[in-house]
Amino acid sequence: MNKTSMILDVDTGVDDAFAVLFAALHPDINLLGITCVDGNTNVDQVVANTLKVLDAAGAGDIPVARGAVRPLLGVSQYAEYVHGADGMGDLGIAPSTRKVDPRSAVELLRDLIEGSKDPVTLVPVAPLTNIALFLRAFPESAKKIHRIVLMGGSASAGNATAAAEFNVWHDPEAAAIVFQSGVPITMYGLDVFMRPGITSEEAIVLKNSTAPAAQFAGSLIEAFIERLHISPITLGDFGAVAAAIHPELFTTEMFDVVVDTSSGPARGQTICDRRDAFLKDLEPLGLEDSAKVRVVMDLDVEGVRQLWLKTIEKGRF
Ligand code: BDR
Ligand code: CA
């Protein structure tokens, strides 16, 4: 299998950490770089967390760039109640000695996409502020993105609000720009996000492993379960990375999608037109700004879980 050249955009975040570990360790992924954005916590904390995850993965010199400090129009609204005061489980890990890339997130995206000999898959698992800014700042480079597989949105209920998923709700204007960009988009949203779970028993097995990545993942899972008092917990953002390299594990449907950027109760909702074809023909969506989006509606839960577990247990050492 050819390697998939990939860039992650993250707001690390416990489940972002699951995604970064996997992308850094999986042999079929060529992880070109990581861009960080304000989301689960402030962007400086996101950068610090991401560098620590790369340490745990034993990753090589993968560039990590600092991105947007706030949404395009709204105010930052952090999820520390879910992810901890440091945004990543409050494990008390010493800071990484890795250096942050001196380029901004949009500059790093431009350079990596322009410099790649292979098509680049962009996997944002965070609010879409960096990606929207990149699309606007460097439209010619943006045309070279092979595709975007993003964690965000929902064709059903929300989580941040009744209607909206956190990443889209945090910066709906950015999400609207990305969805309307014309880049092929696969949306890994809340319809499937919670389903591949990991238990406290599995966390203990990981902690007892000899691979540092597995030990780190086990500690994160344990802290997350203690904080939220639920087991299993979701592997979350990792699912979007899995969907990018193992599409056979996922079932998708094409929908016309509109991001609600109003200030009403549906702000941040991804309205997916799931009506029967004959109704759509009778009365189109009624909104000019819809985009055709491939939405993940089902998945092989055990296949996805095992993909993550096997990759993390193997480690790099
Ligand atoms: C998304 O919000 C964040 O808290 C998670 O990291 C994930 O990207 C889920 O709505
Ligand atoms: Ca995230």
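Heavy atoms only: backbone and side chains are in, while hydrogens, waters and symmetry mates are out. Whatever order the structure lists them in is the order used to number ligands and atoms, beginning at 1. Source: prediction; values computed, not measured.
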Between [X] and ligand 1, which part of the residue brings a heavy atom under 4.0 Å of the ligand: side chain, backbone, both or neither?
X: V82; answer: neither
X: N40; answer: side chain
X: V14; answer: neither

min-distance protein heavy atom vs atom 8 (O) of ligand 1 -> D237 OD1, 2.6 Å
Of all protein heavy atoms, the one nearest atom 9 (C) of ligand 1 is E165 OE2, 3.2 Å
Going by the atom numbers of ligand 1, which of them fall below 4.0 Å from some non-hydrogen atom of [X]?
X: D15; value: 5 (C), 6 (O), 7 (C)
X: N159; value: 9 (C), 10 (O)
X: F166; value: 2 (O), 3 (C), 10 (O)
X: D16; value: 6 (O)
X: F193; value: 7 (C), 9 (C)
X: N167; value: 1 (C), 2 (O), 7 (C), 8 (O)

M151, any N or O under 3.5 Å of ligand 1 N or O
no
Is a salt bridge present between R195 and D298, judged by a nitrogen-to-oxygen distance below 4.0 Å? yes
- Query: Hey, is K143 close enough to E140 for a salt bridge, meaning N to O under 4.0 Å?
  - Reply: yes
From [atom1] ([X]) to [atom2] ([Y]), nearest 0.5 Å:
X: I271; Y: D260; atom1: CD1; atom2: CG; result: 5.0 Å
X: N30; Y: S116; atom1: CG; atom2: OG; result: 7.5 Å
X: L8; Y: L122; atom1: CG; atom2: CG; result: 9.0 Å

Practice task
Check for a donor-acceptor pair, side chain of R147 on one end and backbone N or O of T186 on the other, with a separation under 3.5 Å.
Solution key: no
Assigning hydrophobic clusters by single linkage (Ile, Leu, Val, Met, Phe, Trp, Tyr; side-chain heavy-atom cutoff under 4.5 Å), is M194 placed with L228? yes
Would you find more than 12 non-hydrogen atoms of other residues, nucleotides or ligands less than 6.0 Å from N208 atom CG? yes
Atoms listed for the Ca ion (ligand 2) (protein only, N, O or S, under 3.0 Å, no waters) are D11 OD1, D16 OD1, D16 OD2, V125 O, D237 OD2
TODO: Report the C-alpha distance between E173 and T261 in whole Å, list the side-chain angles of each, state the deciding distance to 0.1 Å, and finish with yes or no for side chain to side chain donor-acceptor pair (under 3.5 Å).
DONE: CA-CA 6 Å; E173 284 74 22; T261 54; 5.0 Å; no
Residues pairing under ring pair (Phe, Tyr, Trp, His ring centres under 6.0 Å) where one sits in residues 144-171, two or more places apart or in two chains, turn out to be F166-W169, F166-H170
Between Y78 and the options D11, D38, N42, the side-chain hydrogen bond (donor to acceptor under 3.5 Å, both in side chains) test singles out D38
| query | Between the side chains of E222 and S219, is a donor N or O closer than 3.5 angstrom to an acceptor N or O? | reply | no
